[in-house]
There are 2 protein chains.
Amino acid sequence: MAITMADVAKRAGVSKSTVSQYLNKRYEYMSQETRVKVEAAINDLGYQPNHVARSLKQKRTSMVGIIVGNIMHRYSTEVCRSLEDYFNEHEMNAIICNADNDPEKERKYIEMLRAKQVDGLIIFPTGQNVELYKSMLKTGYPVVLMDRKVKGIIAPSVVVNNREATMRAVEHLIEKGHKKIAIVTESLTISTRLERKQGYMDALKENNIPIIEEYMISTEIKSMGSELDNLFSLQDPPTALVAGNDLVFLEVLKFAKASRIKIGEQLGLVVFDNIPFADLVNPSVTTISQPSQEMGLKAAELLLKQINKEEVNPKDTVFSCELFIRESTKTSFE
Amino acid sequence: MAITMADVAKRAGVSKSTVSQYLNKRYEYMSQETRVKVEAAINDLGYQPNHVARSLKQKRTSMVGIIVGNIMHRYSTEVCRSLEDYFNEHEMNAIICNADNDPEKERKYIEMLRAKQVDGLIIFPTGQNVELYKSMLKTGYPVVLMDRKVKGIIAPSVVVNNREATMRAVEHLIEKGHKKIAIVTESLTISTRLERKQGYMDALKENNIPIIEEYMISTEIKSMGSELDNLFSLQDPPTALVAGNDLVFLEVLKFAKASRIKIGEQLGLVVFDNIPFADLVNPSVTTISQPSQEMGLKAAELLLKQINKEEVNPKDTVFSCELFIRESTKTSFE
DNA sequence: TTGTAGGCGTTATCAG
DNA sequence: CTGATAACGCCTACAA
């Protein structure tokens, strides 16, 4: 059914190789005449080259895989958008897969994508498939790790300074007079969450504020509501809170609304993540914002370099977050 | 460098076809013995089948393309997520491309993806490449149109009842006593925007409220701020407003904040789109919500059926939106 | 039950 | 400048 090079060749009265030459723009040694003939034949027939066949021959598919932790984070969407833009500018396609932070899914996707011969992979790693990561790196397969670090893995990766950024945010709360500060994150299965919690603790320590176990919640989204309930039922509830990401923020909002806790007035709030409406909601919310676009760009560059066999340092590229102070931390506490 | 079937065959002491049999699970006519040998060889060598070669032979890549209008809409992200889930459950991959509502980009992506031999395409059409859509449909290439209708095109598509849903929202505003209602959309290049505006006008007409040109703004995002400025500088400014999608909503919020217009009190607001924080912000916002997940599912099913050569009606599947009434339209006007 | 041969649509090499 | 011819890695008759 589909038209192939052979059809074009026949119609133009030349050989397949000539058509191939034409398609690959190697006109140098081609007569004006045959060039026109081939061009006409292609147009007449509506011929479209078959990229699969080309890929088989060239061992290059011009496709990359992106395995994202959870696409429902605004940050992930932004990074994907940035990656996709970059690759498309370079005539490549991105296959985006959503691993849902599930190591099994991640493994399956990595295998699927490699079977499809993608030229490289950008992974938001769950951190659990260490052997698999290692084997890819060892064989020199192009990989860039994104957002998270993996213990024991040395690879080109693009991350942010989670610990320092959280420290800075907590210090901001402390400057506002807060002493009873809580942190809420998802389960501590992923490096970013650990680092953010660490930054929280380090900031308290440096300021000689005691660390209270009950102020640190790390649990899955669906039990976060009841944990927050517990937190604010304490005899001495916190006056400020750090939300570990945007989904946590949503739970906090939900809880605050239900419990009639006034954010910004009764409760200082900092959110670690990008939120499109952060400065527009009421009260506007103080956020730690990650440079998603630059990060996507950097990761894409790192991957493309590897694909093009350029040398790439297997090192972390660390981006800095920005603290946007807004109304949710406006009130000073004594 | 990569291990091929030939390597496995040699190692197992059998022929390539036997290995192929094994891989395709045609064990029936295979001795237990060779089966074990092949299995061992595959494991020893860490053989991974090459999907590109298989695709070339089978004329099926198990990949589909998704060309989305603008991924930065929450709704688009949700649909993509749903599509991606479905296809991955069916052992297929989705290539997501962001056309930015640009017909040229759209055309380029369609051609790129077809060259890559994707088994089918889900398109949020810009509506401008009519001939291209037609040629795909005529040749029976699997296509599902999503979100928007295209004049003159009969194709399987998945849309919502934009006109009726907007009418209902405007009626709600009228019930609240509003008579001076404005609508703000992006430029009227896309069917959804037209239909929403039409619904707005129809609702006014049915309620004998005059249609005022100055109350209808349709412009690109970047000049929306100044248009809103004009709107609210009118001698008789509106008391309520319909935002045509989530990005418009953002502009409205921005403007309201800057102008100190109190949404919900001074200005009734309905947003046509899915917004994650709609019920949590202050004031919570009345939205017309689209069933993104079901729509994704439906579109994916329609595409997969076509890919599997099942008959599919080239008709619109119309989903209903839901109006969630919240605080931004709480106040009654006289 | 297993092997041989040919083909899928390109590209690459090398004569002519 | 152009055309055979042989890959690329897998699948599928058909033969043995």
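The sequence lines fix the lettering, A, B, ..., with proteins before strands; numbering per chain opens at 1.
Residue-level contact check: A/Thr34 touches the backbone only, with heavy atoms under 4.0 Å from sugar-phosphate atoms and none from bases. Here B/Val52 lies out of heavy-atom contact (under 4.0 Å) with every strand.
Salt bridge status for B/Glu294 with B/Lys298: absent, with no side-chain N to carboxylate O gap under 4.0 Å. Ion pair B/Arg114/B/Glu111 not flagged as a salt bridge, since none of the NZ, NE, NH1 or NH2 atoms sits closer than 4.0 Å to an Asp/Glu carboxylate oxygen. Salt-bridge formation is detected for the pair A/Arg81/A/Asp85: a Lys NZ or Arg NE/NH1/NH2 atom is positioned less than 4.0 Å from an Asp or Glu carboxylate oxygen.
The separation between B/Tyr22 atom OH and D/dG9 atom P is 21 Å, rounded to whole Å. Atom CG of B/Asp7 is separated from atom P of D/dC8 by 11 Å (rounded to the nearest Å). Per the geometry, CE belonging to B/Met30 stands 13 Å off C1' belonging to C/dG3, to the nearest Å. Between the NZ atom of A/Lys37 and the C1' atom of D/dC1 there is a distance of 12 Å, given to the nearest Å.
Within a heavy-atom distance below 4.0 Å of DNA chain C, no residue of residues 112-120 of chain B is found.
Using a 4.5 Å heavy-atom threshold, the side chains of A/Leu303 and A/Tyr86 count as separate. By the 4.5 Å heavy-atom criterion applied to side chains, B/Glu91 and A/Lys108 are counted as neighbours. Between B/Val144 and B/Gln306, the closest side-chain pair of non-hydrogen atoms falls below 4.5 Å.
Side-chain atoms of A/Asn98 and B/Glu84 include no donor-acceptor pair closer than 3.5 Å. Using modelled atom types, one finds a donor on one side chain and an acceptor on the other under 3.5 Å when comparing A/Asp147 with A/Tyr75. Side-chain contact of B/Thr189 with B/Ser187: a donor-acceptor pair under 3.5 Å is absent, judged by distance alone.
The main-chain N or O of B/Thr192 is never found under 3.5 Å from a side-chain atom of B/Arg148 such that the two would form a donor-acceptor pair. The backbone N or O of B/Ala155 lies less than 3.5 Å from a partner atom in the side chain of B/Ser157, making a donor-acceptor pair.
Rotation axes derived from the C1' atoms of the five outermost pairs at either end of the helix from C/dT1-D/dA16 to C/dG16-D/dC1 lie 40° apart, to the nearest 10°.
Between A/Thr18 and D/dT2 there is no side-chain polar atom (N or O) within less than 4.0 angstrom of OP1 or OP2.
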Practice prompt. Summarise how protein sits on nucleotides 7-16 of chain C as a single string, 5' to 3': B when a protein heavy atom is under 4.0 Å from the base, S for sugar-phosphate-only contact, - for no contact.
Written response: BBBBBB----
